[in-house]
Each structure stands twice: as C-alpha cells, then as structure tokens.
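The structure appears below as structure tokens.
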Amino acid sequence: MADGFAIKQAEFIGSCAHGTPYPQPLPFEAAIVGKSNVGKSSLLNSLCRNRKLARVSGQPGKTRLINFFLLNRSFYLVDLPGYGFAKASLKEQRAWGALIERYLESGRVKHLFLLLDIRHAPTKDDAAMYQYLLYYGIPFTLIATKADKVSRAQRKNLANAQAKLLTGRPYALLYSSESGEGRAELVQRLGELWEDALRLSEE
Ligand code: GTP
Ligand code: MG
C-alpha cells in the first residue's frame, strides 16, 4: 500500500487566526501538534524537502497561527502553533487554546501527528493534548523528534519509553529533521492515510 507515494510538491496556502475562515476542505487533512519548540515546523520542512516552507526558530512560540500547506495539490498538512512555552502569558495561552480547539472541533482534521521530544518525558500539556485527542476520537501517530540528539543505541528505547509514559503503549516513530531519519517511513504513513481517506470519500 502507498508504495509509490512521494511528496512531489508543497505550497503554503494561508494562515488562519481566530475567526478567519479555513480554506475549502479536501478529502484529506492532517495536522502537526506538540509543545512549542518540539520541531513541528522543521518536520514539515524536512518532509517537503524545503527549508523555507514553514518558519523555524530556536525561540519557542515561533508559529502563532494555523498554517495550511497543500501537498501534491491534493491534501493539506497543517502546521499548528505549539503549546506550553514558559514565556506565554495567561492571555496568550487562552488564545492558543481557543485557536486550537476551534480547529480540532471543526471535524476537518482526519489525522494528527503528535510530536514528543525524544529527550524529554511528556509534560502535563502533552497529557492534556492526548486526552483531548481521545475525547474527540481523532486518530493520531506519535512521533519522537530530534532523534539525532541522542545516541543511536538509545534512540528506539527512548522514543518508545516517552510514548509509553504518555499513552501506555510503547511506540513512537523516530524522526530527525536534521538527518532525515524516519522521513521515508513518515512519507509512507502519510501516503497510506491519504489513500484511505480517498477511498472513503469515493465510497
Ligand atoms: P513552535 O512553532 O514554537 O511551536 O516550534 P516548532 O515545534 O515548530 O519547532 P521548530 O521547527 O521551529 O524547531 C525548534 C528548534 O528545534 C529549531 O532551532 C530547530 O532547528 C530545532 N530542531 C527541530 N527539529 C530538529 C531535529 O530533528 N534535530 C535537531 N537537532 N534540531 C531540531
Ligand atoms: Mg512552528
């Protein structure tokens, strides 16, 4: 399944703030969630092999809007602002919550990639996001980012340990935007999800 799938084309469609209408929905839309600075925008860029697509920064809180990217002129991959950065005021946290909630509740997102930093145990915010996904029944894939930051020997165990702490099930996909590790696997996964969504929309 999805063996020949590749990401051939990616373009930025637009950003949505609170209250902005979303672009016309497509049969498949996936989004990237996770705490601030975990590597969401970097993952999108590395998947699409374009470092300039989404803005990346060493400072947490870089992505503040919901950013829609159209891949292969067929489906959306959405880069979301991260949660839980220390400098955010209560007002900013509330604004983030309202923005994300409205998006997740819209029913348009078919799959979420929930990112965890391979080096850190999941936070309370990660747990809250996980509960939220369960509550809304949104399918998701866990991804352990920044795999290049830990030794090769530890990678798999650490990624799976973080996943287990969050969900009770020890599995996360390993990813490094620096080295491209995990990219082929994630492209394949995206291809399968896209094909499944297409099949459903045609039934
Ligand atoms: P917000 O937009 O603030 O929510 O952050 P984000 O999750 O989009 O993170 P972003 O992609 O902006 O990356 C944050 C920092 O981590 C940047 O300095 C990136 O260069 C770095 N980074 C991201 N992915 C990797 C990775 O796989 N390996 C390494 N070594 N650094 C990474
Ligand atoms: Mg970002």
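In each ligand, atom 1 is the first atom listed, and ligand 1 is the first ligand listed.
In summary, the atoms of ligand 1 found under 4.0 Å from a heavy atom of Lys40, numbered by their order in the structure, are 1 (P), 4 (O), 5 (O), 6 (P), 7 (O), 8 (O), 9 (O), 11 (O). Of all the atoms in ligand 1, the ones that sit under 4.0 Å from a non-hydrogen atom of Val38 are 7 (O). Residue Ser176 has at least one heavy-atom neighbour below 4.0 Å for each of these atoms of ligand 1: 27 (O).
From the protein, the heavy atom lying nearest to atom 17 (C) of ligand 1 is Ser57 O, 3.4 Å.
In terms of N/O distances under 3.5 Å, ligand 1 is not approached by Tyr175. Residue Ser36 has at least one N or O atom closer than 3.5 Å to an N or O atom of ligand 1.
Distance check for Ser41 against the Mg ion (ligand 2): an N/O/S atom falls below 2.8 Å.
Between the Thr167 side chain and the Lys164 main chain, no donor and acceptor come within less than 3.5 Å of each other.
Here CD1 of Ile138 is found 4.5 Å from CG of Leu104. Values are rounded to the nearest 0.5 Å. Note that the CZ atom of Arg183 and the CD atom of Gln188 stand 12.0 Å from one another [nearest 0.5 Å].
Using a 4.0 Å cut-off between heavy atoms, Asp148 contacts ligand 1 through its side chain alone, with no backbone atom that close.
Comparing heavy-atom distances from atom 16 (O) of ligand 1 across Lys146, Lys149, Gln59, Arg64 singles out Lys146 as nearest. The heavy atom nearest to atom 23 (C) of ligand 1, considering only Ser42, Ser46, Ser177, is found in Ser42.
Ligand 1 does not have Thr145 within reach: every non-hydrogen atom of the residue lies 4.0 Å or more from it.
Aromatic ring centres of Tyr22 and Tyr103 lie closer together than 6.0 Å.
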